[in-house]
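Every value quoted in this text rests on a predicted model; they were computed, and no experiment measured them. Order of listing sets the numbers, starting from 1, for every ligand and every atom in it. Both backbone and side-chain heavy atoms feed into the values below; hydrogens, waters and symmetry mates do not.
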Amino acid sequence: MNDKAAQLIASRDKLLQRMPDPSTVLPGSLLSRMVRCNKPGCRFCEKGKGQGHGPIWILSVSLGNRQVRQVPIPGEMKKEVEASLRAFAQMQKLMNQIAGVNLDLLKERKRQR
Ligand SMILES: [Zn+2]
């Protein structure tokens with residue numbers, strides 16, 4: 001193994017160490033929405049004045065083919081869901097970086113045949 005290959009493997013090891021626990025990941029993004037209850041006289045929902053109730057939190061997941069799955073998230077689960085979304089994004093980013101390093105390694109191995 002040459003220096004270049006050894007450097008690439010070392011940088012890949014560093015990326016691997018930053019990998020989040022895959023068992024926690026969630027896809028999608030978290031949206032907030034105000035809701036109206038339609039009860040007569042509700043001061044939160046009064047036309048032109050009230051802003052409705054909430055916000056409520058919704059996990060929006062794209063399923064492809066323009067299909068979206070929306071999952072309401074209880075307030076006490078919001079932090080956990082946010083951490084899981086961050087873990088997913090982090091994992092995807094690291095996977096791309098590792099794939100890039102592996103591509104360079106492949107070139108290096110071919111060069112040394
Ligand atoms: Zn209301």
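- Counting only residues at least two apart or on different chains, the side chain to side chain donor-acceptor pair (under 3.5 Å) pairs with a member in residues 5-26 are R12-N102, D21-S23.
- Protein nitrogen, oxygen and sulfur atoms, that is N, O or S, within less than 2.8 Å of the Zn ion (ligand 1) amount to 4.
- Remark: N2 pairs with K4, A5, E108, R111, Q112 by the side chain to side chain contact (heavy atoms under 4.5 Å, CB included) rule, at least two apart or across chains.
- A distance of 13.0 Å separates CZ of R86 from NZ of K93, quoted to the nearest 0.5 Å.
- A distance of 13.5 Å separates CD1 of I98 from CG of L103, quoted to the nearest 0.5 Å.
- For residues 49-77, no residue pair satisfies the side chain to side chain donor-acceptor pair (under 3.5 Å) rule, not counting sequence neighbours.
- Classification of E82 and K78 as a salt-bridged pair holds, one side-chain N sitting under 4.0 Å from a carboxylate O.
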